[in-house]
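Comments concern the structure below.
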Amino acid sequence: MRLAAGQPNNSNWMMERVVKKTSRAERKALRPHEILEAAFEEFAAKGYAATRVEDIATRLRITKGTVYLYFPTKDVLFQEMFRHASTSSADLSTAIGSLRGSCADRIRDLLLIAYENTANDRKTRELLRLSVAEGTRLPEMVDCRHELFIAPTLAALTALVEEGVKSGELRHDTAADTPDVLASSIFQIAVWHLMLADRKPIDGKALMEAHIDLVMNGLLQHSGQSPDLGTHVRADGAV
């Protein structure tokens with residue numbers, strides 16, 4: 001049917017209404033994500049105490065009431081922001097499951113993945129800063145950090161070391177009994193970056209490689225050694 005001049009096309013009009021409604025629905029669905037992203041920027045720049053909810057709202061050009069519609073208190077907003085920003089750390093578990101090769105190869109790759117996640121991911125660095133600054137007041141935040149990053153890393157390292165010792169690829173020594181030492185350099189580098197930033201830069205990748213080389217050479221089984229040393233000899237020769 002032909003439309004008379006000036007007569008609206010109902011089909012097009014209805015389609016435009018559907019598009020507008022869908023667009024509004026999509027914007028509403030995205031709003032919590034946008035608020036959490038803006039909250040991260042404000043909290044990272046100012047810390048918890050100095051950040052106001054209205055600052056977060058202003059960054060998004062919305063009202064403070066809109067923020068409270070999704071997050072009823074500043075504490076809730078802060079904790080949800082922390083968990084939201086930790087998604088890159090949660091991806092670490094997926095990376096751990098994809099490791100291949102010998103135990104030594106997988107340990108090295110795991111440590112490098114964890115290093116990249118900590119040293120080269122801005123959100124991860126800022127979350128560490130906030131954990132140190134606000135952890136006493138908000139212990140749940142530290143627990144979240146441990147759950148999403150530290151625990152899976154240490155669990156994977158422990159499992160790999162135990163597998164390597166059992167197969168004879170790795171020695172059963174102090175490092176095998178305390179696999180946390182394998183990850184210690186990651187946190188050393190992260191804290192260095194947080195404290196000294198660009199004032200005293202270090203080559204974190206080189207330091208990480210050196211640490212991995214040192215620890216793995218201590219763990220690797222060498223010819224002529226028993227897979228389970230049992231006792232440890234001190235530098236002065238005493239047992």
Side-chain angles (χ1 to χ4, degrees), residues 83 85-125 127-128 131-132 142-196 201-239:
R83 185 170 289 276
S86 297
T87 53
S88 61
S89 295
D91 292 341
L92 181 65
S93 296
T94 302
I96 290 172
S98 67
L99 297 175
R100 296 293 182 270
S102 66
C103 287
D105 289 339
R106 282 179 282 160
I107 289 172
R108 182 181 182 279
D109 290 343
L110 168 59
L111 290 174
L112 287 176
I113 290 170
Y115 165 74
E116 291 292 335
N117 181 278
T118 300
N120 294 336
D121 186 280
R122 173 176 171 258
K123 282 189 175 180
T124 303
R125 293 197 306 270
L127 291 179
L128 179 58
S131 296
V132 173
V142 179
D143 292 341
C144 173
R145 178 69 179 159
H146 185 274
E147 170 194 343
L148 292 176
F149 176 72
I150 299 174
T153 302
L154 294 182
L157 283 173
T158 300
L160 285 171
V161 170
E162 288 177 350
E163 179 185 339
V165 169
K166 186 176 180 179
S167 69
E169 181 184 347
L170 305 180
R171 297 190 301 133
H172 184 194
D173 62 4
T174 306
D177 291 333
T178 314
D180 306 49
V181 71
L182 278 73
S184 60
S185 234
I186 298 172
F187 301 105
Q188 175 196 350
I189 295 167
V191 172
W192 183 285
H193 283 310
L194 287 176
M195 291 177 60
L196 300 173
I202 57 172
D203 187 341
K205 184 72 175 290
L207 183 59
M208 192 71 229
E209 290 276 10
H211 174 77
I212 294 173
D213 181 68
L214 180 67
V215 175
M216 293 312 301
N217 273 304
L219 276 173
L220 283 173
Q221 191 66 256
H222 299 292
S223 59
Q225 291 181 324
S226 168
D228 189 346
L229 296 184
T231 59
H232 309 295
V233 180
R234 299 201 321 241
D236 60 5
V239 176

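Starting from 1, each residue takes its place in the sequence as its number. Fair warning: this is a prediction, and the values are worked out from it, not measured in the lab.
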Tell me the closest heavy-atom pair linking [X] and [Y], and the distance in Å.
| X | Y | value |
| --- | --- | --- |
| Ser167 | Gly164 | OG-O, 3.1 Å |
| Gly101 | Arg106 | O-NE, 2.9 Å |
| Val142 | Ser131 | CG2-O, 4.1 Å |
| Arg171 | Val165 | O-CG2, 3.5 Å |

Roughly how far, to the nearest 0.5 Å, is the [atom2] atom of [Y] from the [atom1] atom of [X]?
| X | Y | atom1 | atom2 | answer |
| --- | --- | --- | --- | --- |
| Ile113 | Ser98 | CD1 | OG | 6.0 Å |
| Glu162 | Leu157 | CD | CG | 11.0 Å |
| Leu160 | Asp109 | CG | CG | 10.0 Å |
| Tyr115 | Leu207 | OH | CG | 8.0 Å |

### Query
Pairs in or reaching into residues 207-218: which pass salt bridge (Lys or Arg N to Asp or Glu O under 4.0 Å), with residues at least two apart or in two chains?
Arg108-Glu209
### Query
If only atom types and distance count, is the side chain of Glu169 paired as donor or acceptor with the main-chain N or O of Cys103 below 3.5 Å?
yes
### Query
Arg122 versus Arg125: any side-chain heavy-atom pair under 4.5 Å?
yes
### Task
Determine, step by step, whether Leu170 and Ile107 satisfy the side chain to side chain contact (heavy atoms under 4.5 Å, CB included) criterion, reporting the C-alpha distance in whole Å, the side-chain angles of both residues, the deciding distance to 0.1 Å, and the verdict.
CA-CA 11 Å; Leu170 305 180; Ile107 289 172; 4.0 Å; yes
